[in-house]
Amino acid sequence: MTEIRLTNTLTRRKETFTPIDPDRVRMYVCGPTVYDRAHLGNARPVVVFDTLFRLLRQVYGPRHVVYVRNFTDVDDKIIARARESGRPIAQITAETTAWYLEDMAALGALEPTHMPRATEYIAEMVAMIETLLARGCAYVAEGHVLFDVSSDPDYGILSGRSVEDMIAGARVEIAPYKRNPMDFVLWKPSDAEQPGWDSPWGRGRPGWHIECSAMSLKLLGDCFDIHGGGNDLMFPHHENELAQSSCAHPGACFARFWLHNEMLQVEGKKMSKSLGNFFTVRDLLDQGVPGEVIRFVFLLTHYRKPMDWTRRKADEAAAALRRWRRMTEGVAPAPAPDPAVVAAVADDLNTPRALAELHRLAAEGRADVLLASARFLGLLTEALGDWARAGGADPEAAARIDRLLAERAAARKARDFARADAIRDALVAAGVIVKDTPDGAEWEVGPDFDPAGLEGVL
RNA sequence: GGCGUGGUGGCAGAGUGGUCUAAUGCCGCGGAUUGCAAAUCCGUCGUCUCGCGGGUUCGAAUCCCGCCCACGCCUCCA
């Protein structure tokens, strides 16, 4: 059986992964807060853990892997969005959830086995908070329930911080009812305007961290295999989850492997609204960047390194995918992916190496193995292939392009090269890639295609 | 201030003790093709080197120490 090695944040080392139960390999990944479209940075962990999901399914069998990714549908950001837009919360979360699934599907991400919504697990959260209170890890203060960080001698073990260090330069919220500045909210009161649920501490709503502890417990048990997310979640979110779950279930492991992906940058800089380089997955798709290309670009960088999204990489990715799609057209996939590709992914998700193996297979002309191996990575699937097939233009523009090319062919036949080249230059200027073959001209639209540029050419 | 990640050939990006004078892709270069191009295909290229300075070792890009730099997290935005 393929040996899987993964870098475990808990130990900061690459370790051999052995599931607790090979018939039921369990992974939990923190999902989105649903109040707006997912931006490109949100998509990176999705693709990273989708790749891990695919690996686990390959090694242990699709029926033996349980992957949970939650939706946070109760949160102050959502409340704020509802207030400013005047729309009901349920409408916002439902719409955003649907968008998220659409956009991630466009990246070739498989749907997790379970996608629990936080609001459906309020009872479990309340129960866990009661356990934490009973065990003396939490206290009630002014309608809030807070986790008492001092009750956990291991607090900080995941993120490598000590409570003292954190307090030193901390920018934590200083609330008067906190015993310790690092204590965090498990439950907070809601006013009449805010969503709330009845609880032993009055009508209120959960803090951010408790949902993942409660939902993972319900769906995966108190000791599961892998817990993942972006490294921005390492502290405080995951640290707090770990503290809560450990206190509620002393002696249980909670999660044995913690995996964190590095952040995404855009053209060398952090993606942020203030820098003006902030964009969503949908923005990119609407600009004509295919989801498959986005996925390929993500796979090009190891998940533990910062990934720089650049236009140039997207263009290179598109070229490689076009080539491979042409090569595998009409080819039946081999029964299994190439062992070297699986081995690369099994080695701490070394997707750059896996892509290099794909290039090797292409160079060797093994189209069927290339296809099976690429699909193992979520590439060259039928679902993601429309962009490469259709040429990418709407029917009206397509007809116009065909007409122009026919005109050009006639001009070439008449050896009126000035006219032929003028037409060609116009098409190129409009972003159409014209490809002359021995059987006549073919075309497809490039990333800068602008149908308006076709008008008035003749 | 605390914590973390990383600095590899023109670019991207693997490699983490010997098979590395460093995978793979891109770019460049040569050729095929073309009326000329583009696209495509074939071939070819990266000699004193892996941020800098020490050290360990028979041997280091790979381990240790120090330094410099970049980026990120601890902040609404992942």
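Numbered from 1 within each chain, the chains take letters A, B, ... in sequence-line order. Just so it is clear, the values below take in all heavy atoms, side chains as well, and ignore hydrogens, waters and symmetry mates.
Comparing B:U21 with B:C74, their P atoms sit 43 Å apart, to the nearest whole Å. For the P atoms, the distance from B:G59 to B:G1 is 40 Å, rounded to whole Å. Between B:G66 and B:C58, the distance separating the two C1' atoms is 26 Å to the nearest Å. Comparing the same atom, P, in B:U19 and in B:U62 gives a spacing of 14 Å after rounding to whole Å. Taking atom C1' in both B:G28 and B:C45, the straight-line distance is 8 Å, to the nearest Å. For B:C27 and B:C69, the P atoms lie 36 Å apart once the distance is rounded to whole Å. Rounded to whole Å, the separation between the C1' atoms of B:G10 and B:U49 comes to 15 Å. As rounded to the nearest Å, B:A22 and B:G9 have P atoms that lie 14 Å from one another.
For A:D436 against B:A37, a side-chain N or O and a base N or O form a donor-acceptor pair under 3.5 Å. Below the 3.5 angstrom threshold, one finds no donor paired with an acceptor across the side chain of A:N231 and the base of B:G72. Remark: the A:R424 side chain and the B:C36 base include a donor-acceptor N/O pair separated by less than 3.5 Å.
Taking atom CD1 of residue A:I78 and atom P of nucleotide B:C76, one finds them 15 Å apart after rounding to whole Å. Taking atom CH2 on A:W309 and atom C1' on B:G72, their separation rounds to 20 Å, with Å as the unit. In this entry the distance linking NE2 of A:H359 with P of B:G13 reads 14 Å, nearest Å. Nucleotide B:U16 holds its C1' atom 17 Å from the CD atom of A:E15, rounded to whole Å. Atom OH of A:Y303 is separated from atom C1' of B:G13 by 17 Å (rounded to the nearest Å). Rounded to whole Å, atom P of B:A23 lies 18 Å from atom CG of A:L361. Atom CZ of A:R304 is separated from atom P of B:G13 by 16 Å (rounded to the nearest Å). Distance, A:R311 CZ to B:C27 P: 16 Å, rounded to whole Å.
A:R408 has its side chain within reach of A:R424: a pair of non-hydrogen atoms, C-beta onward, lies under 4.5 Å apart.
Nearest to the side-chain atoms of A:D421 among the listed nucleotides B:G35, B:C26, B:G4 stands B:G35. Distance from the side chain of A:R353 is smallest to B:A14 among B:G25, B:G6, B:A14. Taking only side-chain atoms of A:K435, from C-beta outward, the nucleotide of B:U5, B:A38, B:A23 with the closest atom is B:A38. Of the candidates B:C77, B:G25, B:G4, B:C77 carries the atom nearest the A:K273 side chain, counting heavy atoms from C-beta on. Among B:C76, B:C41, B:G15, the nucleotide with an atom closest to any side-chain atom of A:R323 is B:C41. Picking from B:G35, B:C74, B:C77 the nucleotide with the shortest atom distance to the side chain of A:A420 gives B:G35. Counting only heavy atoms from C-beta on, A:F278 has its side chain closest to B:C77 among B:G72, B:A14, B:C77. In the set B:G35, B:U5, B:C76, the nucleotide with an atom closest to the side chain of A:R415 is B:G35. When each of B:C77, B:C36, B:A14 is scored by its nearest atom to the side-chain atoms of A:N350, the top-ranked nucleotide is B:A14. Comparing B:C11, B:U5, B:A14 by their closest approach to the side chain of A:P352 singles out B:A14.
Among the heavy atoms of the strands, none lies under 4.0 Å from A:G230. Within 4.0 Å of A:H39, counting heavy atoms only, lies at least one base atom of the nucleic acid. Within the nucleic acid shown, A:T310 has no heavy atom closer than 4.0 Å to any nucleic acid atom. Residue-level contact check: A:F296 touches neither bases nor backbone, having no heavy atom under 4.0 Å from any strand. Among the atoms of the strands shown, base atoms are found under 4.0 Å from some heavy atom of A:R312. Residue contacts shown for A:Q265 are limited to sugar-phosphate atoms, with no base heavy atom under 4.0 Å away. Across all strands, A:L358 comes closer than 4.0 Å to no nucleic acid atom at all (heavy-atom distances). Counting non-hydrogen atoms under 4.0 angstrom, A:R326 reaches the backbone sugars and phosphates but no base.
Across all strands shown, the partner of B:A70 is B:U5, judged by Watson-Crick or G-U wobble contacts whose two distances both fall under 3.5 Å. Across all strands shown, B:A32 is found opposite B:U40 as a Watson-Crick or G-U wobble partner, with both distances under 3.5 Å. In this entry B:C48 has no Watson-Crick or G-U wobble partner, no candidate having both defining distances under 3.5 Å. When Watson-Crick and G-U wobble pairs are counted only if both distances are under 3.5 Å, B:C27 pairs with no nucleotide at all. Pairing for B:U62 is absent, with no Watson-Crick or G-U wobble pair whose two atom distances lie under 3.5 Å. When both pairing distances are held under 3.5 Å, B:U56 makes no Watson-Crick or G-U pair with any nucleotide shown.
Using bins of under 30°, 30° to 60° and over 60° for the plane-to-plane angle, the ring pair A:W324/A:F296 lands in the tilted bin. The aromatic rings of A:H227 and A:W258 lie parallel to each other, with less than 30° between the two planes, well short of the 60° mark.
Between A:K313 and B:C11 there is no side-chain N or O to OP1 or OP2 distance below 4.0 Å. Residue A:T301 places at least one side-chain N or O closer than 4.0 Å to OP1 or OP2 of B:G13. At B:G7, one or more side-chain N or O atoms of A:K305 fall inside 4.0 Å of OP1 or OP2 (strictly under the cut-off).
None of A:R81, A:K273, A:R282 except one satisfies the salt bridge (Lys or Arg N to Asp or Glu O under 4.0 Å) rule with A:D36; the exception is A:R81.
The 5' end of RNA chain B is approached more closely, in terms of each residue's nearest nucleotide, by A:E357 than by the other of A:P236 and A:E357.
Judged by distance alone, the side chains of A:Q265 and A:D308 never bring a donor and an acceptor atom under 3.5 Å apart.
How far CE of A:M125 is from CE of A:M215: 5.5 Å, rounded to the nearest 0.5 Å. To the nearest 0.5 Å, atoms NE2 (A:H209) and CD (A:E239) are separated by 10.5 Å.
A distance below 6.0 Å separates the ring centres of A:F224 and A:F254.
Side-chain atoms of A:E316 never come within 3.5 Å of backbone atoms of A:V297 as a donor-acceptor pair (strictly under, hydrogens ignored).
Ion pairing of A:E15 with A:R256 is absent here, as no side-chain N (NZ or NE/NH1/NH2) approaches a carboxylate O to less than 4.0 Å.
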